Every structure is written in structure tokens, then in C-alpha cells.
Amino acid sequence: MAEIISFPARLTAAVPTELADAVRRAAEARGLTAADYLRGATMARLMLDGVPFRPLPNLMRVATRGGRSRVL
């Protein structure tokens, strides 16, 4: 049975428009929401930095399109 995951806390950061657009393009190319893309990127950075945390399961709340991924 799937575990219910809630997201009671929110992280925010002001970024240049170019960076926000790049995140949206990368997420879309992978068939993810921008939020799920950022969660994955944040977890990857925490792993690289050696910070202990409980990882989330693979979150993909937007269905991927058929065929090959878009080129970034």
C-alpha cells in the first residue's frame, strides 16, 4: 500500500527568472512537476553534502509523455 506523504513545510528562495525557467524546462523534459523536480534536486544535494535525512520515494505526479524526452 502506498504511504501517504504530506508536505507541511515550505522552502522558498528568490531566484533569477532565467533559473526558474530552466527548472521548469528541465522538469517538463523529465515529465515532472517543478515541485517534484526541486524536491529531487534538493535531496540529491543533501546526499552529496552528507546530510542525514529520510529520502522521499520517487515522486512523479505528472504522467510522462510517450516517446523520447525533450532535449533541454
Side-chain angles (χ1 to χ4, degrees):
M1 179 179 262
E3 180 183 341
I4 302 295
I5 301 172
S6 65
F7 301 110
R10 188 177 276 298
L11 298 174
T12 58
V15 298
T17 302
E18 237 179 86
L19 184 58
D21 291 342
V23 167
R24 288 185 194 100
R25 284 193 314 272
E28 182 181 326
R30 291 182 174 267
L32 299 171
T33 63
D36 286 343
Y37 181 87
L38 287 170
R39 285 184 193 100
T42 302
M43 287 190 298
R45 185 63 211 201
L46 289 170
M47 285 183 219
L48 285 172
D49 290 344
V51 178
F53 68 98
R54 187 176 58 156
L56 294 169
N58 190 18
L59 299 173
M60 294 188 67
R61 290 182 291 178
V62 173
T64 57
R65 291 183 292 266
R68 296 184 62 177
S69 293
R70 243 182 51 177
V71 174
L72 301 176

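Bear in mind that the values here come from a model prediction, so they are computed numbers and not experimental data.
- In this structure the side chain of Pro57 reaches within 4.5 angstrom of the side chain of Ile5, judged on heavy atoms.
- Each of Leu38 and Leu11 belongs to its own hydrophobic cluster when Ile, Leu, Val, Met, Phe, Trp and Tyr are linked at side-chain heavy-atom distances under 4.5 angstrom.
- One hydrophobic cluster, built from ILVMFWY side chains closer than 4.5 Å, cannot hold both Met43 and Leu48; they sit in different ones.
- The shortest distance between side-chain heavy atoms of Thr42 and Phe53 does not fall below 4.5 Å.
- Taking the charged nitrogens against the carboxylate oxygens, Asp21 and Arg25 have no contact shorter than 4.0 Å, which rules out a salt bridge.
- Closest approach of Val23 to Tyr37, counting heavy atoms only: CG1-CD2, 3.9 Å.
- In this structure, Arg39 forms a cation-pi arrangement with Phe7, its terminal cationic atom sitting closer than 6.0 Å to the ring centre and no more than 45° off the ring axis.
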